[in-house]
Amino acid sequence: MKFYIKTFGCQMNEHDSEIIAGVLQQAGYRPCDELDAADIIVVNTCCIRESAENKIWGYIGNLKNIKYKRPGVIIAMLGCMTQQTTISAALKRYGSHIDIVLGTYQQHRLPEYITRAMIGNGQIVDISEDNRDFPDELPCVRTSGVTAQVNISYGCNNFCSYCIVPYVRGRERSRSLNAILSEIREAAAAGSKEIMLLGQNVNSYGKDLGEAGQNDAPDFATVLKAACAVPGIKRVRYMSSHPRDFSNALVDEISKLPQVRSYYHLPLQSGCDKTLKAMNRGYDTARYAAIIDHIREQTPEAAVTTDIIVGFPGETEDDFQATLDFIARCRFDAAYTFLYSPRSGTPAAKMADQVPLQVKKERLQRLTALQNQISLEKNQTYIGQIVHVLVEGPSKNNPEYLTGRTESNKIVILRGGMELVNQIVAVKITGAKTWHLEAL
Ligand code: SAH
Ligand code: SF4
Ligand code: F3S
């Protein structure tokens with residue numbers, strides 16, 4: 001029997017889908033690329049913003065037809081969206097064609113539930129948070145031969161006031177350093193040159209490990225150093241870091257690691273101190289600026305990217321202007337920008353002074369215009385430079401060309417044959433756009 005997995009959401013979810021594929025293959029099922037050919041359809045969901053959930057409701061609505069035409073198909077939904085009790089209750093009413101509903105803790109039990117669903121006794125729901133038996137070592141079928149994604153921690157303890165992740169992924173649990181390293185070694189042996197370390201806040205890695213009151217637990221710097229020491233690993237990335245836990249000492253450690261030091265992603269969220277406080281981020285702009293300055297002192301060649309939310313409750317025009325001014329000061333290489341989306345159950349959703357959608361959209365436009373200008377200027381400084389590109393595969397927009405990334409994580413479109421995939425090649429940059437460089 002064949003399965004098809006559709007994934008929504010972040011890299012963490014992409015990687016969960018690689019694990020789900022591993023678990024299903026181990027149980028004897030085979031992957032397929034076509035929805036219409038699948039006997040089992042798995043939808044791995046996200047709920048970070050309302051727009052994500054709306055897309056997923058649309059997607060599962062379309063699956064009704066498939067179930068109608070082929071009643072034997074098993075449809076399973078899992079992930080962050082279904083972990084919410086309100087959603088699993090709604091699915092009972094509006095999703096009777098969904099056979100299995102699991103959350104973020106029970107995904108590895110999917111094969112067992114598929115067997116039960118085949119016997120057929122109505123929709124099966126398991127969103128229990130009991131994950132004591134959640135195994136650390138699960139099989140995984142990697143979708144990329146170049147970059148291996150490796151979990152270092154699960155869950156999040158930060159409770160940023162706008163964010164639903166701590167509610168759907170639970171408290172932070174660090175994986176043991178041994179488990180992380182053996183997975184990295186395996187990936188390196190299989191040919192991966194780049195490692196992406198995953199955690200909602202990688203900087204607090206290890207705080208829950210070790211003996212209580214003792215200082216013997218590994219920290220994030222230990223993981224980075226150990227990953228870099230694995231033979232064959234040319235680049236190490238991580239996602240995401242939290243400015244509150246990002247110290248100058250960590251920047252100093254990173255600047256000694258050539259595989260890591262040229263790229264930082266440091267989510268700012270807002271450039272207004274009042275808003276940062278209401279977001280419960282635990283830092284202010286002065287502290288953030290000090291980190292950026294220290295990064296630029298240590299590694300002037302490093303690219304720095306960020307995340308920004310516009311229209312957080314109570315954000316005035318002056319507050320938004322403060323964000324624009326701070327962005328102009330920090331001069332990020334790129335910013336991932338989002339309209340604030342109220343998430344039920346989070347403190348911010350209940351705050352007064354929600355910003356009207358029109359105002360949010362207008363602010364997003366102004367922010368994007370400013371950031372695009374800065375991104376382009378930053379990218380133009382690369383023209384004429386020789387960069388080292390780790391080639392990922394054919395370019396999606398133009399399959400005649402290849403796509404890859406510089407050490408500073410900039411996308412480069414280049415010429416060459418498929419034999420260059422998973423190789424690091426030196427190329428001269430000939431053109432610069434807002435979101436990518438060209439070596440043509
Ligand atoms: N743990 C990571 C990733 C969180 S989700 C981190 O802290 O960086 C990725 C991004 O989505 C966040 O950085 C934030 O900018 C955005 N985001 C989270 N909740 C949101 C919400 N309710 N509305 C709009 N954007 C949100
Ligand atoms: Fe959400 Fe904040 Fe945790 Fe990131 S650090 S997952 S934004 S609560
Ligand atoms: Fe990721 Fe979406 Fe869950 S962003 S952690 S899949 S809510």
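Excluded from the calculations below are hydrogen atoms, water molecules and symmetry mates; all remaining heavy atoms, backbone and side chain alike, are included. Quick caveat, the model's predicted, so the values are computed rather than measured. Each ligand, and each atom within it, is numbered from 1 in the order the structure gives.
Here the two rings, on F8 and W57, have centers that are 6.0 Å apart or farther. Residues F246 and Y283 keep their aromatic ring centres 6.0 Å or farther apart.
Below 4.0 Å from some heavy atom of P166 lie the following atoms of ligand 2, by number and element: 8 (S). Listed by number with element, the atoms of ligand 1 under 4.0 angstrom from any heavy atom of P267 are 8 (O). Within ligand 2, counting atoms from 1 as listed, the ones closer than 4.0 Å to a heavy atom of F159 are 8 (S). Heavy-atom contacts of R343 reach the following atoms of ligand 1: 22 (N) (cutoff under 4.0 Å). For ligand 1, the atoms closer than 4.0 angstrom to any heavy atom of Q269 are 12 (C), 13 (O), 14 (C), 15 (O). In summary, the atoms of ligand 1 found under 4.0 Å from a heavy atom of L339, numbered by their order in the structure, are 23 (N), 24 (C). Each of the following atoms of ligand 3 lies closer than 4.0 Å to a heavy atom of C10: 1 (Fe), 4 (S), 5 (S), 6 (S). Residue C156 has at least one heavy-atom neighbour below 4.0 Å for each of these atoms of ligand 2: 3 (Fe), 5 (S), 6 (S), 8 (S). Taking a cut-off of under 4.0 Å to the non-hydrogen atoms of C80, the atoms of ligand 3 that pass are 3 (Fe), 5 (S), 6 (S), 7 (S). Each of the following atoms of ligand 3 lies closer than 4.0 Å to a heavy atom of R169: 3 (Fe), 5 (S). Heavy-atom contacts of H242 reach the following atoms of ligand 2: 5 (S) (cutoff under 4.0 Å). Atom numbering of ligand 3 starts at 1 in the shown order; those under 4.0 Å from a heavy atom of N13 are 6 (S).
Using a non-hydrogen distance threshold of 4.0 Å, R281 registers as a contact of ligand 2. By the 4.0 Å heavy-atom criterion, V165 is excluded from the residues contacting ligand 1. At least one heavy atom of R49 sits less than 4.0 Å from an atom of ligand 1. Judged by the shortest distance from any of its heavy atoms, N201 lies outside the 4.0 Å radius around the atoms of ligand 1.
A salt bridge is absent between R116 and D126: the closest approach of a Lys/Arg side-chain nitrogen to an acidic carboxylate oxygen does not fall below 4.0 angstrom. Taking 4.0 Å as the cut-off between side-chain N and carboxylate O, R366 and E362 count as a salt-bridged pair. Between R329 and D293 there is a salt bridge, since at least one side-chain N of the basic residue sits less than 4.0 Å from a carboxylate O of the acidic one. Checked for salt-bridge contact, E53 and R343 meet the test: a charged N lies under 4.0 Å from a carboxylate O. A salt bridge links K207 to D245: at least one charged side-chain nitrogen sits closer than 4.0 Å to a carboxylate oxygen. Between E377 and R331, at least one side-chain nitrogen of the basic residue sits less than 4.0 Å from a carboxylate oxygen of the acidic one, meeting the salt-bridge criterion.
A donor-acceptor contact closer than 3.5 angstrom is absent between the side chains of T7 and N44. Side-chain contact of D219 with T222: a donor-acceptor pair under 3.5 Å is present, judged by distance alone.
You'll find the side chain of D333 stays beyond 4.5 Å of the side chain of Y263, heavy atoms only. In this structure the side chain of C160 never reaches within 4.5 angstrom of the side chain of Q269, judged on heavy atoms. Taking 4.5 Å as the limit, some side-chain heavy atom of C80 sits within range of a side-chain heavy atom of R169.
For the side chain to side chain donor-acceptor pair (under 3.5 Å) criterion with E194, the lone passing option out of R405, R237, R235, K234 is R237.
With hydrogens left out, the protein atom closest to atom 10 (C) of ligand 1 is D307 OD2, 3.6 Å, a heavy atom. Atom 2 (Fe) of ligand 3 has as its closest protein heavy atom C46 SG, 2.4 Å. For atom 4 (Fe) of ligand 2, the closest heavy atom belonging to the protein is Q200 O, 4.3 Å. The single protein non-hydrogen atom nearest to atom 1 (Fe) of ligand 2 is C163 SG, 2.3 Å, given as residue, atom name and distance.
Proximity annotation for atom 2 (C) of ligand 1: of K360, M12, Q200, Q200 comes nearest, heavy atoms only.
When heavy-atom distances to ligand 1 are checked against a 4.0 Å cut-off, M239 has no atom that comes that close, whether in backbone or side chain. Contacts of N201 with ligand 2, taken as heavy-atom pairs under 4.0 Å, are absent altogether. Residue-level proximity to ligand 3 for Q200 is carried by the side chain, the only part with a heavy atom below 4.0 angstrom.
Of the possible donor and acceptor atoms, one in the side chain of S182 sits under 3.5 Å from a partner among the backbone N and O of A179.
Some N or O of S341 is nearer than 3.5 Å to an N or O of ligand 1, by distance alone. Remark: ligand 1 and Y162 share an N or O pair separated by less than 3.5 Å (distance only, no angle test).
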